[in-house]
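What you see below is based on every heavy atom in this structure, not just the backbone, and it leaves out hydrogens, waters and symmetry mates.
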Amino acid sequence: MLTIVPYEPKYNQNFRDLNIAWINEYFKVEKKDRELLNDPQSSIIAKGGYIFIGLWYNKPVGCFALIKKEIDRYELGKMAVNKSHHGLKIGQYMLAYAIDVARTENWKTLALYSSTKLDAALHIYKKFGFKEVPLEDNLEYLRSDVKMELTLLNVT
């Protein structure tokens with residue numbers, strides 16, 4: 001059974017290890033990864049962001065962050081699920097939870113960066129309503145070749 005809880009410092013190593021594992025499986029850990037993972041309290045939460053931990057029968061097996069970009073625009077990042085728990089739809093439950101948080105907080109958009117190497121993830125993001133948008137120049141991660149956004153509030 002999955003429970004999603006707010007980050008506490010006791011989950012720091014879990015947050016870091018879950019992310020390092022998936023990044024190393026497909027890519028290389030980059031400078032921005034180290035910044036966010038080595039001190040998530042300062043680099044995410046103190047700047048107005050959120051981190052959540054997915055507990056499977058009280059064991060940390062997943063995580064994600066909502067990183068503040070502007071007052072009503074956040075980035076979904078640092079989402080990871082322990083490989084031993086793939087196939088249980090934990091990522092989808094966490095994504096739905098992230099979207100619920102964004103709607104509850106009345107954010108306008110939730111953005112994410114991904115890679116064309118991650119077909120399954122891209123499929124799930126589209127299933128949840130994310131649309132591809134143009135990438136900016138000077139991205140924080142070399143691995144990012146896709147940007148997607150979910151519009152939560154209609155801006156007139």
Side-chain angles (χ1 to χ4, degrees), residues 1-69 73-105 107 109-132 139-150 152:
M1 181 170 118
L2 182 70
T3 307
I4 298 171
V5 298
Y7 171 86
E8 296 177 45
K10 70 180 181 180
Y11 296 122
N12 190 47
Q13 194 65 42
N14 303 108
F15 181 67
R16 187 179 191 288
D17 291 350
L18 286 163
N19 274 284
I20 296 292
W22 88 260
I23 293 167
N24 279 333
E25 184 171 344
Y26 296 99
F27 309 100
K28 279 178 38 180
V29 175
E30 299 180 47
K31 179 183 176 189
K32 186 67 175 180
D33 295 311
R34 286 187 291 277
E35 174 190 321
L36 295 175
L37 297 173
N38 288 340
D39 189 1
Q41 183 69 43
S42 296
S43 62
I44 298 172
I45 295 172
K47 294 179 179 179
Y50 302 83
I51 299 172
F52 293 93
I53 305 297
L55 303 175
W56 188 257
Y57 293 95
N58 295 316
K59 178 184 174 196
V61 299
C63 60
F64 66 92
L66 297 167
I67 303 165
K68 185 175 184 175
K69 295 299 182 181
R73 298 177 191 278
Y74 281 68
E75 177 187 331
L76 172 66
K78 299 297 169 227
M79 180 177 271
V81 176
N82 188 306
K83 195 170 184 176
S84 67
H85 288 74
H86 285 188
L88 299 172
K89 298 190 176 186
I90 292 170
Q92 291 186 54
Y93 289 119
M94 291 192 310
L95 181 57
Y97 191 93
I99 293 168
D100 285 345
V101 169
R103 286 197 169 110
T104 300
E105 295 294 325
W107 298 340
T109 57
L110 189 57
L112 62 86
Y113 295 86
S114 192
S115 169
T116 50
K117 285 185 176 182
L118 305 174
D119 289 332
L122 294 174
H123 175 77
I124 291 167
Y125 298 142
K126 288 177 184 171
K127 176 178 155 181
F128 277 80
F130 284 83
K131 308 270 190 240
E132 283 191 46
L139 295 173
E140 294 178 321
Y141 298 102
L142 294 173
R143 64 180 172 263
S144 298
D145 62 3
V146 175
K147 180 179 180 182
M148 302 179 89
E149 286 186 352
L150 178 64
L152 300 158

- Task: Give every residue pair that meets the salt bridge (charged side-chain N to carboxylate O under 4.0 Å, His left out) criterion with at least one member in residues 3-29, sequence neighbours excluded.
- Result: Glu25-Lys83
Who passes side-chain contact (heavy atoms from CB on, under 4.5 Å) against [X], sequence neighbours left out?
X     : value
Asp33 : Ile23, Val29, Glu30, Leu37, Lys78, Tyr141, Arg143
Leu95 : Leu76, Met79, Ile99, Ile124, Tyr125, Phe128, Phe130
Asn12 : Tyr7, Pro40

- Message: Using the ring pair (Phe, Tyr, Trp, His ring centres under 6.0 Å) criterion, which residues pair with Phe52? Sequence neighbours excluded.
- Response: Phe64, Tyr97
- Item | Any residue meeting ring pair (Phe, Tyr, Trp, His ring centres under 6.0 Å) with Tyr74, in chain and number order, not counting sequence neighbours | Trp107
Any heavy-atom pair between the side chains of [Y] and [X] that's under 4.5 Å?
X     : Y      : value
Phe27 : Leu118 : yes
Asn82 : Leu18  : yes
Leu55 : Tyr11  : yes

Partner residues of [X] under the side chain to side chain donor-acceptor pair (under 3.5 Å) criterion, sequence neighbours left out:
X      : result
Thr104 : none
Ser115 : none
Thr109 : Arg73
Gln92  : Lys127

Contact summary for [X] and [Y], nearest pair of heavy atoms:
X      : Y      : result
Ala65  : Ile44  : CB-CD1, 4.0 Å
Ile53  : Cys63  : CD1-CB, 3.9 Å
Ala102 : Leu152 : CB-CD1, 3.4 Å

- Note on the structure: d(Leu88 CG, Met1 CE) to nearest 0.5 Å is 14.0 Å
- Message: Can you tell me how far apart CG (Leu122) and OG1 (Thr116) are? Round to the nearest 0.5 Å.
- Response: 7.5 Å
- For Leu139, does the CG atom have more than 12 heavy-atom neighbours from other residues, nucleotides or ligands under 6.0 Å away? yes
- Query: Among Ile20, Asn24, Asn19, whose side chain to side chain contact (heavy atoms under 4.5 Å, CB included) with Trp22 holds?
  - Reply: Asn19
- Message: Under the rule for salt bridge (Lys or Arg N to Asp or Glu O under 4.0 Å), what residues qualify as partners of Glu140, not counting sequence neighbours?
- Response: Lys32, Lys69
- Note on the structure: Hits for salt bridge (Lys or Arg N to Asp or Glu O under 4.0 Å) against Lys147, two or more places apart or cross-chain, chain-then-number order -> Glu136, Glu149
- Message: Test side chain to side chain contact (heavy atoms under 4.5 Å, CB included) on Glu105 and Leu66; report intermediate values, then the result.
- Response: CA-CA 12 Å; Glu105 295 294 325; Leu66 297 167; over 6 Å; no
